[in-house]
Asker: 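One structure, as structure tokens, below. Some questions next.
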Amino acid sequence: MIEIGIIGAGAMGSGIAQVVAQAGHEVTIIDTNDAALQKAMVTLAATMDKLVAKGKLSAAEADAIQKRTHYRNSYSDFAKCELIIEAIVENLDIKKKVFAEVETYVSDTCILASNTSSLSLTAIASACTRPDRVIGIHFFNPAPLMALVEIIPALQTHLIHVAEIKKLVESWKKVPVLCKDTPGFIVNRVARPFYGEAIRIYEEGIADFATIDQAMREKGFKMGPFELMDMIGNDVNYAVTESVFTAFYYDPRYKPSFTQKKLNEAGWLGRKTGKGYYDYSEGLEKPVPSDNAELKERISSRILAMLINEAFDAAYLNVATEEDIDLAMTKGVNYPKGLITWAKEIGLKECVKCLDDLYESYHEDRYRCSVGLRKAAANH
Ligand code: NAI
């Protein structure tokens with residue numbers, strides 16, 4: 001079994017290390033910050049204790065997993081690794097510098113992967129003398145619990161590595177999906193309207209946060225958009241929206257909102273600051289959603305139609321296959337159904353009509369129906 005190196009012992013790096021150590025790999029984690037390494041070690045020990053207490057691992061297995069995990073601070077410890085997964089700060093210049101440096105320490109056969117959620121793999125690969133061995137392996141948070149892994153070849157990546165990484169990810173009992181190196185990959189692109197359209201509906205005064213959240217929960221989503229944004233953090237969610245919007249050359253479909261910007265300016269980042277769209281102060285009653293069924297249906301069908309439009313557009317532009325797009329949304333963000341499957345259940349013509357009606361009302365490019373969805377509806 002190959003040895004794996006991880007750069008960055010933060011939330012993602014330590015979670016990925018746990019996944020691969022549990023799968024049986026020797027893993028070496030490197031971080032420039034000793035406190036982060038120390039924290040990763042303590043967290044892994046606590047997680048292992050919990051899994052043993054729950055009967056999910058034997059004490060011997062938990063011990064072996066920890067012995068297979070090595071905490072170091074020099075790239076020279078990567079000499080025997082056949083795969084490196086980078087999970088450091090989301091900054092292209094820093095990542096390029098790190099890749100160029102790491103490449104001088106690893107073997108000729110070592111694959112270099114990044115866990116970036118928004119940066120171009122092609123740009124990262126360009127920093128290496130052998131860009132053909134650079135690839136994206138994008139986990140979801142928390143890595144040990146979320147099944148989905150997006151595999152993103154850079155323009156320069158040799159195809160053989162795509163097949164190798166897919167097999168490896170499957171051996172970790174994860175669900176790999178293959179995705180073109182485009183902004184937001186699959187999940188962070190297709191999911192944008194879940195947040196953006198919900199905020200737009202609120203801004204128009206159609207409903208309050210609680211009612212919009214309730215409408216989406218009634219459609220089968222585990223959490224509504226506003227409670228989810230509060231959990232993710234409005235700073236993180238806004239940054240992803242802004243980065244996707246910029247990367248798509250300011251396509252109005254992905255436009256960020258003033259509502260969320262203002263929350264960030266106020267420091268109302270969500271659960272982590274005790275206030276976001278909702279106030280999490282102790283003893284406060286949760287706001288009560290409207291019980292107007294027609295209103296909730298109107299809200300949820302509008303958001304769902306926008307999500308379906310994104311899914312068909314991504315498939316039409318060959319970002320990923322329809323099957324992988326459905327897998328990505330169910331396994332990466334726990335959607336109750338794949339959006340393409342869901343659209344076929346609703347009726348593709350019905351979805352087109354919903355979008356055309358929105359376009360007719362607003363005359364905004366944001367509501368244009370994807371040619372992919374329109375063609376699929378015509379042929380269905
Ligand atoms: P984090 O801030 O929790 O951890 C980053 C770690 O990298 C820190 O411990 C820091 O000390 C270390 N670091 C920074 N520069 C370094 C360097 N030059 N060499 C070695 N270590 C270095 O960040 P997080 O959330 O784990 O994110 C890491 C990457 O994963 C980012 O690219 C992010 O976009 C991506 N990602 C994050 C997800 C999330 O939900 N947090 C989900 C999927 C991907």
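For ligands, and for the atoms within them, numbers begin at 1 and follow the listed sequence. Every heavy atom of this structure was used, including side-chain atoms; hydrogens, water molecules and symmetry mates were not. When a residue number appears, it is its place in the shown sequence, counting from 1. If you're wondering where the values come from, they're calculated on a predicted model, not measured in any experiment.
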Asker: As an exercise, identify every atom of ligand 1 less than 4.0 angstrom from a heavy atom of A36.
Answerer: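 So the atoms of ligand 1 that pass are 9 (O).
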Asker: Is R200 positioned over the aromatic face of Y362, cation under 6.0 angstrom from the ring centre and no more than 45 degrees off axis?
Answerer: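 Verdict for Y362: a cation-pi partner in R200.
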Asker: Between K80 and E26, does at least one N-O distance fall below 4.0 Å, as a salt bridge requires?
Answerer: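 A salt bridge is absent here (no side-chain N lies under 4.0 Å from a carboxylate O).
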Asker: Is I88 in polar range of ligand 1, meaning some N or O pair under 3.5 Å apart?
Answerer: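 In this structure, I88 places an N or O atom under 3.5 Å from an N or O of ligand 1.
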Asker: Strictly under 4.0 Å, does any heavy atom of K97 approach an atom of ligand 1?
Answerer: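 So K97 does not count as touching ligand 1.
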Asker: If you measure every N or O of N115 against every N or O of ligand 1, does any of those distances drop under 3.5 Å?
Answerer: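 Yes.
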Asker: Give yes or no for whether the N/O distance cutoff of 3.5 Å, strictly under, is met between T116 and ligand 1.
Answerer: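 No; every N/O pair is 3.5 Å or more apart.
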Asker: Quick one: does M12 get an N or O within less than 3.5 Å of an N or O on ligand 1?
Answerer: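 By distance alone, the answer is yes.
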Asker: What atoms of ligand 1 come closer than 4.0 angstrom to any heavy atom of S117?
Answerer: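 Counting from 1, the qualifying ligand atoms are 33 (C), 34 (O), 35 (C), 36 (N), 44 (C).
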Asker: Which of the atoms in ligand 1, numbered in the order shown and given with their element, are less than 4.0 Å from a heavy-atom of I7?
Answerer: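 Those atoms are 19 (N), 20 (C).
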Asker: Distance under 4.0 Å to a non-hydrogen atom of V98: what atoms of ligand 1 satisfy this?
Answerer: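 Those atoms are 18 (N).
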Asker: Aromatic ring centroids of F221 and W342 under 6.0 Å?
Answerer: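 Yes.
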Asker: Please could you name the atoms of ligand 1 that N33 approaches to less than 4.0 Å, counting only its heavy atoms?
Answerer: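 That gives atoms 11 (O) of ligand 1.
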Asker: Is atom 7 (O) of ligand 1 less than 4.0 angstrom from at least one protein heavy atom?
Answerer: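 At least one protein heavy atom is under 4.0 Å away.
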Asker: Nearest protein heavy-atom contact for atom 23 (O) of ligand 1: which residue, which atom, what distance?
Answerer: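 It is A11 N, 4.7 Å.
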Asker: Looking at ligand 1, would F140 count as a contact under a 4.0 Å heavy-atom criterion?
Answerer: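 Checking ligand 1 against F140, which is what was asked, there is no heavy-atom contact under 4.0 Å.
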Asker: Salt-bridged, K97 to E101, with N to O below 4.0 Å?
Answerer: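 Looking at E101 together with K97, the answer is no, because their closest N to O distance does not fall below 4.0 Å.
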Asker: Is H158 reaching over with its side chain to a backbone N or O of I160, donor-acceptor style, under 3.5 angstrom?
Answerer: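 Side chain of H158 to backbone of I160, a donor-acceptor pair under 3.5 Å: yes, one is there.
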Asker: Using a 3.5 Å distance criterion without hydrogens, assess whether the side chain of T241 forms a donor-acceptor pair with backbone atoms of P256.
Answerer: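 Such a contact is absent between T241 side chain and P256 backbone.
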Asker: Looking at atom 2 (O) of ligand 1, is any protein heavy atom nearer than 4.0 Å to it?
Answerer: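 Protein heavy atom within 4.0 Å of atom 2 (O) of ligand 1: absent.
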Asker: For atom 19 (N) of ligand 1, what's the nearest protein heavy atom and its distance?
Answerer: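 The protein heavy atom lying closest is T32 CG2, 3.5 Å.
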Asker: What is the closest protein heavy atom to atom 5 (C) of ligand 1, and at what distance does it sit?
Answerer: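 Among all protein heavy atoms, the one nearest atom 5 (C) of ligand 1 is A87 O, 3.7 Å.
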Asker: Does any N or O atom in N141 lie less than 3.5 angstrom from one in ligand 1, N or O only?
Answerer: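 It does: an N or O of N141 is found under 3.5 Å from an N or O of ligand 1.
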Asker: What are the atoms of ligand 1, with element, lying closer than 4.0 Å to any heavy atom of H138?
Answerer: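 So the answer, numbered in order with elements, is 43 (C), 44 (C).
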Asker: Would E90 count as being in polar contact with ligand 1, using the rule that some N or O on each side must be under 3.5 angstrom apart?
Answerer: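 Looking only at distances, the answer is yes, because the N/O contact criterion of under 3.5 Å is met.
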Asker: Under 4.5 Å between side-chain heavy atoms, counting indirect links through other Ile/Leu/Val/Met/Phe/Trp/Tyr residues: same cluster for I151 and L148 or not?
Answerer: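 Different clusters: I151 never reaches L148 through Ile, Leu, Val, Met, Phe, Trp or Tyr contacts under 4.5 Å.
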Asker: Nearest 0.5 angstrom please: D365 CG to K255 NZ, how far?
Answerer: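 One gets 11.0 Å once the value is rounded to the nearest 0.5 Å.
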Asker: Below 4.0 angstrom, N of the basic side chain to O of the carboxylate: do K262 and E265 qualify?
Answerer: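 E265 and K262: salt-bridged.
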Asker: Regarding R133 and E103, does a basic nitrogen lie under 4.0 Å from an acidic carboxylate oxygen?
Answerer: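 So R133 pairs with E103 through a salt bridge.
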Asker: Between E204 and R302, does any NZ, NE, NH1 or NH2 come within less than 4.0 Å of an OD or OE carboxylate oxygen?
Answerer: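 Counted as a salt bridge, because a side-chain N and a carboxylate O are separated by less than 4.0 Å.
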Asker: Looking at D357 and K353, does any basic side-chain N land under 4.0 Å from a carboxylate oxygen?
Answerer: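 Yes, D357 and K353 are salt-bridged.
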Asker: If the test is side chain to side chain contact (heavy atoms under 4.5 Å, CB included), which one of I2, L83, T157 qualifies with I111?
Answerer: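 One option only clears the test, and that one is L83.
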Asker: Can you pull out the closest protein heavy atom to atom 4 (O) of ligand 1? Residue, atom name and distance to 0.1 Å, please.
Answerer: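 Closest protein heavy atom to atom 4 (O) of ligand 1: G10 CA, 3.2 Å.
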Asker: Please state which protein non-hydrogen atom is closest to atom 11 (O) of ligand 1 and give its distance, to 0.1 Å?
Answerer: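 Here the closest protein heavy atom is D31 OD1, 2.7 Å.
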Asker: Looking at K95, which atoms of ligand 1 are within less than 4.0 Å of one of its heavy atoms?
Answerer: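 Those atoms are 31 (C), 32 (O).
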